[in-house]
4 protein chains.
Amino acid sequence: MSLDRYVWPGAHQSAACFTIDFDAHVPYLWAHRREMPVRLSHLEQRRFGPRVGIHRLLDLLDRYHLKATIFVPGKTAEDYPEFLPLILAKGHEIGLHGYFHEIVSEISDAAFTDALEASLALFAAQTGTRPKAFRSPAWEMTPHMLAEVRRHGLIDSSLMGYDHPYTIDGVTEIPVQWTIDDAIYFKFLGGGGDLAPPSAPGPILDGWLDEWAGLHRYGGLFMLTVHDWISGHAQRIVMLERLIERISAEPTVWWATVGEIAAHHEATQADRWRVDAALPDPISGHAAFPRT
Amino acid sequence: MSLDRYVWPGAHQSAACFTIDFDAHVPYLWAHRREMPVRLSHLEQRRFGPRVGIHRLLDLLDRYHLKATIFVPGKTAEDYPEFLPLILAKGHEIGLHGYFHEIVSEISDAAFTDALEASLALFAAQTGTRPKAFRSPAWEMTPHMLAEVRRHGLIDSSLMGYDHPYTIDGVTEIPVQWTIDDAIYFKFLGGGGDLAPPSAPGPILDGWLDEWAGLHRYGGLFMLTVHDWISGHAQRIVMLERLIERISAEPTVWWATVGEIAAHHEATQADRWRVDAALPDPISGHAAFPRT
Amino acid sequence: MSLDRYVWPGAHQSAACFTIDFDAHVPYLWAHRREMPVRLSHLEQRRFGPRVGIHRLLDLLDRYHLKATIFVPGKTAEDYPEFLPLILAKGHEIGLHGYFHEIVSEISDAAFTDALEASLALFAAQTGTRPKAFRSPAWEMTPHMLAEVRRHGLIDSSLMGYDHPYTIDGVTEIPVQWTIDDAIYFKFLGGGGDLAPPSAPGPILDGWLDEWAGLHRYGGLFMLTVHDWISGHAQRIVMLERLIERISAEPTVWWATVGEIAAHHEATQADRWRVDAALPDPISGHAAFPRT
Amino acid sequence: MSLDRYVWPGAHQSAACFTIDFDAHVPYLWAHRREMPVRLSHLEQRRFGPRVGIHRLLDLLDRYHLKATIFVPGKTAEDYPEFLPLILAKGHEIGLHGYFHEIVSEISDAAFTDALEASLALFAAQTGTRPKAFRSPAWEMTPHMLAEVRRHGLIDSSLMGYDHPYTIDGVTEIPVQWTIDDAIYFKFLGGGGDLAPPSAPGPILDGWLDEWAGLHRYGGLFMLTVHDWISGHAQRIVMLERLIERISAEPTVWWATVGEIAAHHEATQADRWRVDAALPDPISGHAAFPRT
């Protein structure tokens with residue numbers, strides 16, 4: 001712990017990973033799972049993702065010769081079956097992301113297991129391969145989920161306990177980070193459910209570059225997450241180009257996929273960064289808990 | 001789909017469209033449709049639109065030799081009957097925008113049809129012409145609304161499924177875009193109902209310019225939307241001038257009205273960008289839906 | 001209307017007015033008028049205003065040789081009786097701002113009249129003079145309030161129907177403007193009741209300067225409003241200095257008090273900018289109101 | 001009062017103080033004190049603080065040769081017993097911060113006293129010393145709390161009635177300030193409980209530098225507060241470096257701990273800046289209170 005450095009392969013001083021959570025319309029289906037509203041605005045905004053946004057992101061990756069890890073809900077793959085083969089053909093990795101982008105707090109442990117297995121089966125059917133990584137919808141995890149991920153031999157990429165890889169309950173964790181996720185700044189759908197207007201992109205990009213500069217110094221992992229229907233918009237492609245160009249100007253950054261990073265971690269670092277997920281006891285049983 | 005380019009007329013590489021949603025006090029009347037609060041603040045803020053703001057916007061358009069499409073709720077035209085003739089005299093287009101800026105989720109299908117027909121009748125009476133385009137209040141649509149818009153031979157400009165024109169359920173869609181709408185950043189009325197303070201204009205303008213630069217590269221449509229009582233304020237006229245000057249410096253941008261863009265689309269591109277609005281089934285009937 | 005210019009005295013092209021709403025702890029007293037919470041944080045934050053903030057603002061005005069109009073709730077004057085004489089001695093104007101910063105929607109018409117008269121009596125007792133102007137707490141007005149303001153021969157400075165002086169229901173209105181008020185961006189008290197974190201000052205200052213530049217061109221009134229306990233903080237004094245220095249570099253700006261501006265308006269412009277406050281009828285009685 | 005200057009030791013014109021509220025997972029334990037959710041995301045985000053963030057902050061302080069005051073909830077010290085000795089060994093001060101980061105409005109006066117005494121006992125047991133300062137969780141105080149803080153001979157650092165030291169109810173107050181606290185801008189946990197997305201760091205840093213510049217001119221105290229799990233992230237270390245470098249370039253700034261500042265205050269300034277915390281009476285008993 002403390003300022004111990006995470007060690008990266010060869011002369012690399014830090015790592016950077018480009019991930020896409022390819023949600024498309026699926027979170028909308030989950031939110032309205034019992035009854036579909038007779039409205040088109042949100043659906044059309046999200047359908048922009050598979051129609052346009054994902055193609056712009058894949059093209060961006062091609063232009064910069066980057067390989068990404070793309071987390072795909074089962075339902076996205078089911079409704080748009082052309083994408084898993086296309087993503088693999090371009091040399092990217094695919095990862096699991098729930099079946100219906102189920103929100104953890106709204107489903108049982110058994111339902112999580114069912115969704116994980118249904119999405120594994122679908123991915124196998126569509127691609128003949130098995131994804132190596134899982135990322136939780138909305139980035140929440142439970143001890144049960146970690147156990148299931150471990151049972152299926154998967155990598156996890158959902159938690160934030162370090163800003164470099166670690167091992168939690170025996171699972172390799174390639175951590176995410178809110179501050180370099182597009183959705184918290186830019187997701188905006190209208191209709192009354194939004195937290196705030198979209199952030200202006202310039203100052204957010206500056207913050208992302210600061211995060212990268214700091215992580216590069218500390219030997220961390222710059223884990224970028226974008227979404228098809230959000231960052232496929234033109235102004236965000238422009239923003240991502242500026243980001244990639246700056247990072248790629250630094251030769252000691254290791255651009256790698258989740259699977260490549262996990263393989264490195266498991267081969268060389270897993271024992272140094274190992275934690276338990278143990279839930280703490282409620283403090284109401286503590287001797288110092290207020291009696292009045 | 002994918003990175004297929006939308007084709008614009010002649011040597012134009014992309015298009016830009018200036019639209020005004022001339023709401024004035026009408027959304028306030030709708031929000032308080034059963035009983036009028038005995039308060040003046042919001043009313044006066046909105047009356048600034050027809051008193052001052054719309055004139056500044058029309059003057060701005062004159063100075064830059066731009067023709068706009070101005071969507072006008074029936075009640076705005078009824079209470080300020082001088083504007084539809086003035087707008088047409090200046091060479092702009094008018095479009096429909098509900099009668100009372102009715103919110104889609106608060107009215108029946110029949111009420112939508114009634115409002116559409118009442119506003120068509122009013123516009124005909126005031127101008128002797130018939131508008132070609134419709135934009136939904138709050139940019140929500142339903143399959144019924146699309147069918148009615150089609151039945152009346154209108155263009156729609158309310159959805160966001162592409163960032164260039166497309167055809168949905170047989171209706172020509174000249175799409176809007178939240179990120180280049182003034183209201184989501186700048187609408188602020190006080191009294192407790194606001195989402196956040198108004199955004200600072202500088203970083204938002206930078207984001208609009210990034211959106212334009214990206215759309216220009218991809219061959220998209222830069223669909224700007226402003227409101228009389230919001231962007232008629234002095235600081236936003238300044239912001240719009242900076243925006244227009246930058247875009248107009250690029251000779252391969254086609255500044256066009258909604259009607260002109262739709263005519264181009266229908267003549268040359270409609271078959272390439274055709275989708276159905278079909279509402280998906282609720283996933284609760286899906287084989288993989290969680291049983292527990 | 002339209003782009004008719006408001007005419008300012010002499011060679012002045014536009015006007016600028018510096019106002020302080022000297023609220024101190026009074027809105028807190030109103031919010032907790034039945035029972036005082038046993039907590040100190042908000043009280044101490046607001047007491048910073050009369051202890052420190054107002055002095056920094058008065059010093060700022062001295063340094064730039066500006067005369068301000070300072071709106072003071074009766075209870076501020078009652079609890080800090082040294083300020084009204086001090087403000088007048090420095091050559092500033094005082095204005096009324098409710099007795100307890102009563103929120104319009106929470107009191108009856110009669111209670112408004114009582115508060116207005118109680119604050120007039122208190123100001124007369126403390127200063128031997130009678131203020132000329134009224135500004136409503138939270139900038140809300142009703143037809144009754146306008147009538148009472150007119151009956152007492154006062155100027156109003158609470159509404160936003162133009163961005164230059166006008167006359168409403170026979171009352172001279174020296175209008176305010178949300179976008180150049182400090183509270184909507186910077187008010188932050190903690191404890192769970194805040195809308196958002198305070199805005200960063202740099203981009204807001206840029207927006208204020210844009211507003212000023214635009215208003216100067218159009219011949220408007222730049223009506224700045226700040227609060228003792230908000231803009232008395234050091235970073236906002238710095239911001240206000242930058243603002244004043246830019247505006248004062250332009251010799252054709254008329255820096256004037258609310259009273260001076262009203263006197264000019266009444267002498268030369270009142271007939272050109274006259275409106276009624278008439279509340280509209282609810283649209284539920286309209287022929288086009290949705291029946292279903 | 002007014003523009004009277006606070007006098008600092010020697011040739012110092014103003015003071016700066018670096019404080020850390022080392023909350024780690026403790027506010028989460030308090031929020032869920034009766035039942036622990038079976039979820040890991042928030043816990044892991046907060047555990048980043050003691051695993052990584054606090055080490056980066058301590059290293060930052062070492063690199064710039066600064067001594068900080070670090071406020072530690074009892075439960076943080078209990079669960080991570082290595083830190084109090086480490087902090088003292090590095091020459092920093094420790095301060096009390098509740099036992100479970102109890103929120104003032106959710107506990108009785110007796111419970112506050114119990115928590116204060118339990119944390120004093122724990123700190124004595126872990127370090128053999130007694131902290132000199134207290135900072136309230138969430139920066140709320142009551143007259144009872146001030147009395148208890150006084151009874152135990154502690155300094156308080158929780159209120160904002162001045163922006164330099166003062167004395168309230170006989171307690172030395174080394175005041176905090178929301179605008180230079182990291183949490184209000186950058187705290188973000190996901191899961192639906194956040195006020196807004198994290199602010200972009202660049203404009204916030206500019207505001208912090210303006211606050212410092214203004215306070216330096218007025219002779220105030222720049223009281224910075226950061227949190228282990230928030231400002232331990234890489235982009236915020238970068239931000240803090242820029243801040244410290246600018247402030248430290250000014251030789252007349254006195255970087256000091258809360259204890260050092262309090263000792264100066266008590267020795268030389270306490271009589272000049274003395275206030276009572278007296279809660280005001282509810283205005284419902286006031287003669288001018290609205291009767292209708």
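Below, chains carry the letters A, B, ... as their sequence lines are ordered, and counting in each starts from 1. These values consider heavy atoms only, across backbone and side chains, with no hydrogens, waters or symmetry-generated copies.
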Which distance, rounded to the nearest 0.5 Å, do you find between the CD of B/Glu211 and the CE of A/Met239? 13.0 Å

Hey, does B/Val104 have a side-chain heavy atom less than 4.5 Å from the side chain of A/Ser41? no

With chain A as the partner, which of B/Trp139, B/Trp208, B/Tyr166 has the greatest number of non-hydrogen pairs under 4.5 Å? B/Tyr166

Heavy-atom distances under 4.5 Å only: say whether A/Leu189 touches chain B with side chain, backbone, both or neither. backbone

For residues A/Glu78 and B/His286, is any side-chain donor paired with an opposing acceptor at under 3.5 Å? yes

Take B/Val275 and A/Arg51, measure what side-chain contact (heavy atoms from CB on, under 4.5 Å) needs, and give me the verdict at the end. CA-CA 10 Å; B/Val275 300; A/Arg51 285 180 192 156; 3.8 Å; yes

Segment of B/Ile103 engaging chain A (4.5 angstrom heavy-atom cut-off): neither

Side chain, backbone, both or neither: which part of B/Ala183 has a non-hydrogen atom closer than 4.5 Å to chain A? neither

Most contact-rich option vs chain A, by heavy-atom pairs under 4.5 angstrom, among B/Pro282, B/Ser158, B/Pro175, is B/Pro282

Pick from A/Gly202, A/Gly232, A/Gly191, A/Gly190 with the largest number of heavy-atom pairs that fall under 4.5 Å of chain B: A/Gly190

If every non-hydrogen atom of B/Leu279 is compared with every non-hydrogen atom of A/Arg39, which pair is closest and at what distance? CD2-O, 3.7 Å

What part of A/Leu195 lies closer than 4.5 angstrom to a heavy atom of chain B: side chain, backbone, both or neither? backbone

If one checks every heavy atom of A/Ala110 against chain B at 4.5 Å, the contacting part turns out to be both

Quick one: does B/Thr142's side chain get under 4.5 Å of A/Leu40's, heavy atoms only? no

Looking at A/Phe48, A/Phe186, A/Tyr28, which one has more heavy-atom pairs under 4.5 Å with chain B than the rest? A/Phe48

Heavy-atom nearest pair, B/Gly214 first then A/Ala234, reads C-CB, 3.5 Å

For A/Pro203, is it the side chain, the backbone, both or neither that has a heavy atom under 4.5 Å from a heavy atom of chain B? side chain

Choice from A/Pro198, A/Ala118, A/Ser119, A/Ala196 maximising heavy atom contacts with chain B below 4.5 Å: A/Pro198

At what distance, to the nearest 0.5 angstrom, does CE of A/Met36 lie from OG of B/Ser284? 8.5 Å

Shortest non-hydrogen pair, A/Pro197 vs B/Ile184, comes out as CB-O, 3.1 Å

Taking atom CE of B/Met160 and atom CZ of A/Arg46, what is their separation to the nearest 0.5 Å? 12.5 Å

Scored by heavy-atom pairs under 4.5 Å with chain A, the best of B/Tyr218, B/Phe289, B/Tyr185 is B/Tyr218

Please examine the side chains of B/Met141 and A/Glu44, heavy atoms only from C-beta on, and report whether any two atoms are closer than 4.5 Å. no

For chain B, find which of A/Ile107, A/Leu122, A/Ile54, A/Asp114 contributes the most heavy-atom pairs closer than 4.5 angstrom. A/Asp114

Once the angle between the rings of A/Phe188 and B/Trp178 is folded into 0 to 90°, is it parallel (under 30°), tilted (30 to 60°) or perpendicular (over 60°)? perpendicular

Report which part of B/Ile168 has an atom under 4.5 Å of a heavy atom belonging to chain A: side chain, backbone, both, or neither. side chain

From the list B/Leu209, B/Asp206, B/Asp210, side chain to side chain contact (heavy atoms under 4.5 Å, CB included) partner of A/Gln235 resolves to B/Asp210

Please round to the nearest 0.5 Å and tell me the distance separating atom CD1 of B/Ile283 and atom CH2 of A/Trp30. 6.0 Å

Is the number of heavy atoms from other residues, nucleotides or ligands under 6.0 Å of A/Lys67 NZ greater than 12? yes

Assess whether a salt bridge exists between A/Arg56 and B/Asp163, defined as any Lys/Arg side-chain N lying under 4.0 Å from an Asp/Glu carboxylate O. yes

Does B/Arg291 have more than 12 heavy atoms from other residues, nucleotides or ligands lying within 6.0 Å of its CZ? no

Is A/Ile237 in contact with chain B via its backbone, its side chain, both, or neither, using a 4.5 Å heavy-atom distance? side chain

Side chain, backbone, both or neither of A/Arg236 within contact of chain B (heavy atoms, under 4.5 Å): side chain

